[in-house]
Amino acid sequence: MTDNTKSARVRTVAGRIAAVLLLAGLATVAGQKSMAMVLAERAPDRALRFDATNAAAHVQKAMDLVSGEDSSPPLDRVAYHSQQAILTDATQPSAAVGIGLVQEQQRKQKAATAAFAYAQALSRRNFPAQLWLIEDAVRRDDIPAALRHYDIAMRTSRASKTLLFPVLTNAIADPAIVPPLAKIIAANPVWQEQFVQHAAQNAGDLDALASLLGAIRQNGGQVSDQAISTALSRFMNDEDVSGAWKLYASMNQQDARKTIRGGRFVQQPDYPSPFDWRLSDDGEAVAEPRQIGAGTALYFAAPMDWGGTVASQTLHLPPGQHSLTGMAYGILLTDGQRPFFTLRCLETANTQRLELPRSDEQGKPFRWQFTIPSNCPFQSLQLELAPANTPEGVEGYVSNLSVTE
């Protein structure tokens, strides 16, 4: 073997060794960076030991410092990690948030505003950025901007609803909030139905709640029957029947003009209001719309010795003479045991009563004349069952109910 041949083989072997070492080095670097990526969120300190340039780890470290138990986080370290993240990856919104928080603590408001605006420009899904922008808008008394960021936050973050729904619900007590908020809700954002139901259940100011629900409708938005029913029940529980009626009439203008609603019992609403028929669901008595002949009626039944209300509706009849007419079917009990209607004044508790007539399956009409006094703006019409002493209990139908002056 010549010297030239030996030299060539040495160079070849050396080249292969160098290539293997280079590949091993690249693999080590790649492994370190991969490990750093895996550890970035749950163990940023360890991640940075593998890769000191890992932007995600720097961001997480900055956020850990900000959200830790220390009420005065070390601003220099928060700034360092946030800046390192930005230098490595300028598309990290949380790094801009970290810088903005530091700038705010240093009373550099313009710089903080710029940092948070940059964070939002990178990603509207950054919840801390939206929170800061909400607070900043509130400080400036810029209600449209604050609500805009509320909308963005609740569109893009599931966690936001737990925090922001109660705050926004309390805020509707401010009359300046209601008009712009109603316009946003009327545009039907993804959080609309859930928030309106939350407000209906939790708003402290019921008049403000009614204003919001009405404004949503006026702006062409939808308010669920469940939310309306919830709000009306809260008015009634507060004994504010007038407030409940005002809300009901604004939400159901056509039905509000009727003296009695659902008198033919065609279909029971899924979420009946106090001004619709509310039917018994106590587990013993039955009250439900059913087909009878060519029409529909309210069927009711109860076991022996059961007595109580099976159907009720709040009315808003004017003072004067009125007549309740209807049809009764299949009521065979004797006097004193048959079902009866009561009309009770909600303000004075004055009560009037009509026992339904005996009737077979063909039905029997009835008419009840009664007087509404001037101090009785709202009335409760109730269908009551008297305890029956027969083994069959009580059952029957009523339909075609109407009230005329």
If you compare all heavy atoms of [X] against all heavy atoms of [Y], which two are closest, and at what distance to 0.1 Å?
X	Y	value
Y329	G363	CD2-CA, 3.3 Å
M304	A388	CG-O, 3.0 Å
A208	A173	CB-CA, 4.0 Å
F235	G243	CD2-C, 3.8 Å
I143	P180	CG2-CG, 4.0 Å
A302	A285	CB-CB, 4.2 Å

Once you round to the nearest 0.5 Å, how far does [atom1] of [X] lie from [atom2] of [Y]?
X	Y	atom1	atom2	answer
S211	Q218	OG	CD	9.0 Å
K246	M251	NZ	CE	11.5 Å
C345	I372	SG	CD1	7.5 Å
Q192	D151	CD	CG	11.5 Å
H316	S242	NE2	OG	7.5 Å
R338	L354	CZ	CG	10.0 Å

No-hydrogen, no-angle side-chain donor-acceptor test under 3.5 Å, [X] and [Y]:
X	Y	value
T404	R367	no
N350	R344	no
D276	Q313	no
S402	T325	yes
T230	Q201	no
E384	T309	yes

Verify the neighbour count for atom [atom1] of [X]: are there more than 12 heavy atoms of other residues, nucleotides or ligands below 6.0 Å?
X	atom1	value
E361	CD	no
Q222	CD	no
E239	CD	no
K183	NZ	no

Sub-4.5 Å side-chain heavy-atom contact between [X] and [Y]:
X	Y	value
L213	V196	yes
R358	K364	no
H149	L131	no
F300	V398	yes
L168	Y150	yes
L317	F370	yes
P289	L279	yes
P303	E392	no

If we ignore hydrogens and angles and just use 3.5 Å, is the side chain of [X] paired with the main-chain N or O of [Y] as donor and acceptor?
X	Y	value
S399	Y397	no
S359	A328	yes
R155	V190	no
E193	Q197	no
S250	L247	yes
R217	L212	no
R107	E104	no
Q379	C376	yes
D360	Q362	yes
Q268	W277	yes

| field | Pair V310-Y299, side-chain contact (heavy atoms from CB on, under 4.5 Å): steps then yes or no | value | CA-CA 10 Å; V310 292; Y299 170 76; over 6 Å; no
| task | Apply side-chain contact (heavy atoms from CB on, under 4.5 Å) to the pair S229 and R278, showing each step before the final yes or no. | result | CA-CA 11 Å; S229 179; R278 288 193 164 183; 3.8 Å; yes
| said: Does R139 qualify as a cation-pi partner of W132, given the criterion of NZ or CZ under 6.0 Å from the six-membered ring centre and within 45 degrees of its axis? | reply: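 Because its charged atom sits under 6.0 Å from the ring centre and within 45° of the axis, R139 does stack over W132.
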| request: Verify side-chain hydrogen bond (donor to acceptor under 3.5 Å, both in side chains) between E347 and N375, making sure each step is shown before the conclusion. | output: CA-CA 8 Å; E347 281 71 17; N375 61 346; over 6 Å; no
| task | Hey, can you tell me if F378 and F275 have their rings parallel, tilted or perpendicular (30° and 60° cut-offs)? | result |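 It falls in the tilted class, 30° to 60°.
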| task | Quick one: do E288 and R290 satisfy side-chain contact (heavy atoms from CB on, under 4.5 Å)? Show the steps, please. | result | CA-CA 6 Å; E288 60 188 17; R290 287 191 182 181; 2.8 Å; yes
| said: Give me each pair satisfying ring-ring contact (aromatic ring centres under 6.0 Å, His included) with a member in residues 332-357, each pair once, sequence neighbours excluded. | reply: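 ring-ring contact (aromatic ring centres under 6.0 Å, His included) check on residues 332-357 returns no pairs.
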| task | Evaluate the side-chain contact (heavy atoms from CB on, under 4.5 Å) criterion for residues L401 and F366: first the C-alpha distance (whole Å), next the side-chain angles of each, then the deciding distance (0.1 Å), finally the verdict. | result | CA-CA 10 Å; L401 300 181; F366 61 86; 3.7 Å; yes
| Any ion pair linking D136 and R140 (charged N to carboxylate O, less than 4.0 Å)? |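 Yes, R140 and D136 are salt-bridged.
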| said: Show every side-chain hydrogen bond (donor to acceptor under 3.5 Å, both in side chains) that has at least one partner inside residues 158-179, sequence neighbours left out. | reply: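 Every side-chain hydrogen bond (donor to acceptor under 3.5 Å, both in side chains) pair that includes a residue of residues 158-179, provided the two are not neighbours, is T169-H198.
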